[in-house]
Number of protein chains: 2
Amino acid sequence: MSLDAIKYYRSFEAGQTLIWSGDRMEFVASVVTGVATLSQVMEDGRTQTVGLLFPSDFVGRPGRDTAPYNVVATTDLLMCCFRKKPFEDLMAKTPHIAQRLLEMTLDELDAAREWLLLLGRKTAREKIASLLAIVARRDASLKMLPAAGKLVIDLPLTREAMADYLGLTLETVSRQMSALKRDGVIELEGKRHVTIPNFDRLIEEAGDDTDGGIPG
Amino acid sequence: MSLDAIKYYRSFEAGQTLIWSGDRMEFVASVVTGVATLSQVMEDGRTQTVGLLFPSDFVGRPGRDTAPYNVVATTDLLMCCFRKKPFEDLMAKTPHIAQRLLEMTLDELDAAREWLLLLGRKTAREKIASLLAIVARRDASLKMLPAAGKLVIDLPLTREAMADYLGLTLETVSRQMSALKRDGVIELEGKRHVTIPNFDRLIEEAGDDTDGGIPG
DNA sequence: TCTGCATTTTGATCTGTGTCAAGGTGGGGA
DNA sequence: TCCCCACCTTGACACAGATCAAAATGCAGA
C-alpha cells in the first residue's frame with residue numbers, strides 16, 4: 001500500500017476556514033494549489049498568523065487529534081488529504097515517510113525561528129520586505145526559476161492577512177507598501193500584483209544577511 | 001549498542017557560548033542541569049533569542065552539520081553529549097529514537113509558534129508575565145510539583161537575556177518587573193529570586209486562555 | 001453601465017516602548 | 001572590611017507604529 005492509495009482531494013474558496021482551533025482532526029493534508037494560513041487568536045480578538053502554507057506544505061500532526069490552530073484559505077485552495085488513521089498506519093510501516101516528516105518539521109521549525117527574529121526585532125519596513133521576499137522565493141521555486149533579478153508576484157494575502165502575519169496593523173502595512181513603492185523597491189499594479197525590479201535590493205531592505213535567509 | 005554507550009558529559013560556565021552560529025556541529029546534546037539560550041544576531045547587532053533550553057531539552061540536528069544559532073549558557077550548565085556520527089548511526093537502526101525526536105521537534109515547533117503570538121501581539125507586561133509563567137511551569141515540572149497556587153523561582157536569565165527573548169529592551173523589562181511587583185503579581189528578593197503568590201493571577205496577566213498555554 | 005460594499009489608502013493624533021542618561025545595589029576579591 | 005564593577009532601576013524625552021477617521025478604489029452583481 002502506498003500514500004497514493006489512501007489520498008483524496010478537497011477544494012476550498014478564498015476566505016473559507018478549513019479547520020477551527022480545537023476541532024478534531026480527521027485527516028492530514030498537503031497543499032496542491034493555493035495558499036492557506038495557520039493562525040492563533042487571543043480571547044480579545046488579537047490575531048497572529050503562525051505559518052503560511054504554500055503548495056507542497058503539510059498540515060496536521062500524526063499522533064495528536066485536535067487542531068492547535070485555525071487553518072484559513074487565503075486564495076482558492078486545493079488540498080490533497082489522507083485520513084489520519086490509515087496515514088499513521090502507513091507511517092508506522094514505512095520509515096521513509098517518518099523520516100521525511102521529521103525533515104519537513106525541522107524546516108518548519110527553522111522558518112518559525114526566522115519569524116521570531118522578524119517579529120521581535122525588525123522594523124515595519126523590514127517586515128514587509130521580508131514577507132515579499134519569502135513569497136517571491138516560494139513563487140520562483142514553484143516555477144523552477146532562480147530567485148534573482150526582476151521578479152513578478154501576485155500577493156496571496158490581503159493587507160489585513162499580511163498585518164496578522166507581520167504583527168502590524170493593516171494601516172501600517174499599507175503605508176509601508178506605499179513607501180517601498182515610492183522608493184522604487186517595488187512597483188504596484190492594483191493591490192495584489194507586485195513587480196520587484198531588483199531582488200537583491202529587496203533582500204537588503206529585509207535586513208537579512210546577504211547570503212539569503214530561509215533556504216527552500 | 002545504546003545511547004548510554006556513546007555519551008559523555010561537558011560542563012560550561014554561566015555566560016559561556018557553547019556553539020557559534022555557522023560552526024561545524026560535532027555533537028548533539030541534551031541539557032542535564034542549568035539553562036541555555038538559542039539566539040540569532042543580525043548584522044547590526046540586534047539579537048533575538050529563539051529558544052530556551054531547560055534540563056531534558058535537546059540541541060542539534062542529525063543530518064545537518066553547521067549550527068544555525070548561537071547557544072549560550074545563561075547559568076552554569078551540564079550537557080550530555082553524543083558525537084554526531086554514532087548518534088546518527090544509532091538513530092538509523094533504532095526507529096524508537098527517531099520517533100522520539102520527531103515528537104520533541106513537534107513540541108518545539110508548538111513552543112516556537114506560541115512565542116510568535118507573544119512577540120507579534122502581546123504587550124510588554126503580558127510578555128514578562130508569560131515568561132515568568134513558562135519558567136515557573138518548567139521549574140515545577142522538574143520538581144514534580146503542580147504549577148498552581150504559590151510558587152517560588154530563581155530566574156535563570158539576566159534582564160538583558162529576558163529582553164532578547166521577549167523582543168524588548170532591558171529597560172522596559174526592568175520597568176515591567178517593577179510594575180508587576182508594585183501590583184502584587186510578584187514579589188522580588190534581590191534581582192533573580194521571584195515569588196509568585198498566585199499563579200492563576202500571573203496567567204491572567206499573561207493574556208493566555210485560562211486553560212493554561214503550553215503543555216509540559 | 002451603474003451601484004454597493006469590501007478593501008485599501010491617506011491623514012491627524014496618540015501612546016507604548018525605545019533611547020539616552022544618571023544613579024542605585026550587591027556580591028566577590030583584595 | 002571596603003571597594004569595584006557588573007547588573008539593575010529610574011527618569012526625561014523621542015519616535016515608530018497604533019488608533020481613529022475619512023476618502024478613494026475597484027470589483028461583483030443588478
Side-chain angles (χ1 to χ4, degrees), chain A residues 13-16 42 44-48 72 74-76 118-132 154-183 186-194 205 207, chain B residues 13-16 42 44-48 72 74-76 118-132 154-183 186-194 205 207:
Chain A
E13 289 180 8
Q16 229 183 320
M42 292 173 71
D44 61 7
R46 281 176 283 176
T47 300
Q48 178 65 47
V72 182
T74 66
T75 65
D76 290 343
L118 177 140
L119 291 176
R121 296 303 187 195
K122 288 188 178 179
T123 63
R125 168 184 269 242
E126 288 170 336
K127 286 177 175 182
I128 300 282
S130 299
L131 176 57
L132 293 173
D154 283 292
L155 276 176
L157 302 172
T158 63
R159 297 289 184 264
E160 184 176 25
M162 291 173 69
D164 284 342
Y165 197 25
L166 298 172
L168 298 170
T169 59
L170 69 91
E171 293 95 331
T172 296
V173 170
S174 181
R175 276 188 252 271
Q176 295 297 335
M177 289 289 288
S178 300
L180 289 174
K181 179 183 171 185
R182 173 171 33 72
D183 299 343
I186 60 175
E187 291 154 24
L188 287 172
E189 284 170 74
K191 285 96 194 342
R192 301 290 195 93
H193 195 79
V194 181
E205 292 286 352
Chain B
E13 290 180 8
Q16 228 182 320
M42 293 173 70
D44 61 8
R46 281 176 281 176
T47 300
Q48 179 64 48
V72 182
T74 67
T75 65
D76 290 341
L118 177 141
L119 290 176
R121 295 303 187 194
K122 287 189 179 180
T123 64
R125 168 185 270 242
E126 288 169 336
K127 286 177 175 181
I128 300 282
S130 299
L131 177 57
L132 292 173
D154 283 292
L155 278 175
L157 302 171
T158 64
R159 297 290 185 263
E160 184 176 25
M162 292 172 68
D164 284 342
Y165 197 25
L166 298 172
L168 298 170
T169 59
L170 70 91
E171 292 94 331
T172 296
V173 170
S174 181
R175 276 188 253 272
Q176 295 297 337
M177 288 289 288
S178 299
L180 289 174
K181 178 182 171 185
R182 172 171 33 72
D183 299 342
I186 60 175
E187 292 154 23
L188 287 171
E189 285 171 73
K191 287 96 195 339
R192 300 290 194 94
H193 195 77
V194 181
E205 292 286 353

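Order of the sequence lines sets the chain letters (A, B, ...), proteins ahead of strands, with each chain counted from 1. Computed from a predicted model, the values in this text were never measured in an experiment.
Residues meeting the side chain to side chain donor-acceptor pair (under 3.5 Å) test with B:D76, sequence neighbours left out: none. B:T158 is linked by a side chain to side chain donor-acceptor pair (under 3.5 Å) to nothing, counting only residues two or more places apart in sequence or in another chain. Residues that satisfy the side chain to side chain contact (heavy atoms under 4.5 Å, CB included) test with B:S178, not counting sequence neighbours, are absent from this structure.
Whole-Å rounding puts the A:M177 CE to C:dT10 P distance at 11 Å. As rounded to whole Å, 16 Å separates atom C1' of C:dG27 from atom CD of B:E189.
How far CG of A:L180 is from CG of A:L132: 7.0 Å, rounded to the nearest 0.5 Å. Taken from CD in A:Q48 to CZ in B:R121, the straight-line distance is 5.5 Å, to the nearest 0.5 Å. Separating the CZ atom in B:R159 from the CD atom in B:Q176 is a distance of 12.0 Å, to the nearest 0.5 Å. Taking CZ from A:R46 and OG1 from B:T123, the interatomic distance works out to 6.5 Å, rounded to the nearest 0.5 Å.
End-to-end axis angle of the helix from C:dT1-D:dA30 to C:dA30-D:dT1, using five pairs per end and rounding to 10°, comes to 40°.
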Problem - Sequence-aligned protein contact record of nucleotides 16-26 of chain C, with B where the base is within under 4.0 Å of a protein heavy atom and S where only the sugar-phosphate is - result: -SSBB------

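Closest heavy-atom contact between A:L155 and A:K191: CD1-O, 4.4 Å. Of all non-hydrogen atoms in A:L131 and A:Y165, the two that sit nearest each other are CD1-CD2, 3.7 Å.
In summary, contact between chain B and DNA chain D, defined as any nucleotide atom under 4.0 Å from a heavy atom of the protein, begins and ends at D:dC8 to D:dA12 in the 5' to 3' direction.
Between the side chain of B:S130 and the main chain of B:E126, a donor-acceptor pair closer than 3.5 Å is present.
Contacts of B:S174 with the nucleic acid, taken as non-hydrogen atoms under 4.0 Å apart, include base atoms.
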